[in-house]
S.K.: 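Submitted below is the structure of interest, expressed as structure tokens.
Just the heavy atoms: all of them, side chains too, but no hydrogens, waters or symmetry mates, feed the values below.
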Amino acid sequence: MPVQAPYGASFYPATLPAGAFTVWGPFKKDTNYFDPSDRSHMVNLIVDDLDGAVKQVAEGGATVVGDTEEYEFGRFGWFIDPEGTKIELWEPKPLPPP
């Protein structure tokens with residue numbers, strides 16, 4: 001698996017929305033990025049409507065964690081699933097036209 005700094009290995013399946021890709025990203029053992037979960041991993045799901053997805057998981061009884069954040073590659077939100085795993089929701093930014 002080709003590991004690329006700083007995030008790990010990225011995969012670009014053609015079936016994902018424009019601008020989306022799959023990432024396997026190792027974190028340091030002492031990271032606090034997965035807090036408040038006590039798990040040693042996190043799951044990232046691609047969504048096409050972050051605000052709607054966060055609202056839906058909150059209405060379903062999930063614990064939303066932190067505020068939505070925006071970066072050059074998209075917007076992110078988080079919640080804790082029923083098993084205690086932190087789930088990251090990612091709305092990728094659309095790719096610019098060619």
Side-chain angles (χ1 to χ4, degrees):
M1 174 178 333
V3 177
Q4 302 160 333
Y7 303 112
S10 299
F11 307 94
Y12 296 86
T15 58
L16 292 174
F21 53 94
T22 301
V23 175
W24 171 78
F27 283 74
K28 292 183 177 185
K29 187 174 183 169
D30 62 351
T31 185
N32 63 359
Y33 193 70
F34 307 139
D35 291 350
S37 173
D38 61 0
R39 303 279 182 149
S40 62
H41 65 280
M42 178 181 67
V43 175
N44 175 290
L45 302 174
I46 297 169
V47 299
D48 58 6
D49 175 10
L50 180 62
D51 297 326
V54 169
K55 181 179 178 187
Q56 184 177 12
V57 298
E59 289 172 352
T63 301
V64 175
V65 179
D67 295 323
T68 300
E69 295 183 19
E70 186 164 346
Y71 298 92
E72 71 268 10
F73 40 85
R75 298 175 62 228
F76 294 85
W78 301 267
F79 69 95
I80 303 297
D81 76 5
E83 296 177 354
T85 304
K86 187 175 183 182
I87 307 295
E88 182 172 72
L89 302 174
W90 172 33
E91 181 184 337
K93 281 194 176 179
L95 292 175

S.K.: For residues Phe79 and Ala62, report the shortest heavy-atom separation together with the two atoms involved.
M.R.: CD1-CB, 3.7 Å
S.K.: Using a cut-off of 6.0 Å, state whether more than 12 heavy atoms not belonging to Glu69 lie near its atom CD.
M.R.: yes
S.K.: Grouping I, L, V, M, F, W and Y whenever their side-chain heavy atoms are under 4.5 Å apart, do Val43 and Tyr33 come out in a common cluster?
M.R.: no
S.K.: Do Met42 and Trp90 sit in one hydrophobic cluster, given that two such residues count as connected whenever their side-chain heavy atoms are within less than 4.5 Å of each other, even indirectly?
M.R.: yes
S.K.: Is there a path of hydrophobic side-chain contacts, each under 4.5 Å between heavy atoms of I/L/V/M/F/W/Y residues, joining Ile46 to Tyr71?
M.R.: yes
S.K.: Side chains of Trp78 and Lys86, heavy atoms from C-beta outward: is any pair under 4.5 Å?
M.R.: yes
S.K.: Is there a path from Phe76 to Phe27 through hydrophobic residues (I, L, V, M, F, W, Y) whose side chains come within less than 4.5 Å of each other?
M.R.: yes
S.K.: Minimum heavy-atom separation for Gly84 to Ser37, with atom names?
M.R.: O-OG, 2.6 Å
S.K.: Should the heavy atoms of other residues, nucleotides or ligands under 6.0 Å from CD of Glu70 be counted, would the total exceed 12?
M.R.: yes
S.K.: Applying a strict under-4.5 Å side-chain criterion to I, L, V, M, F, W and Y, I'd like to know whether Leu89 and Ile80 cluster together.
M.R.: no
S.K.: Which pair of non-hydrogen atoms, one from Pro92 and one from Val47, has the smallest distance, and what is that distance?
M.R.: CD-O, 3.7 Å
S.K.: State, with a plain yes or no, whether a side-chain heavy atom of Arg75 is found less than 4.5 Å away from one of Asp51.
M.R.: yes
S.K.: Nearest 0.5 Å, please: how far is CG in Leu45 from CD in Glu88?
M.R.: 9.0 Å
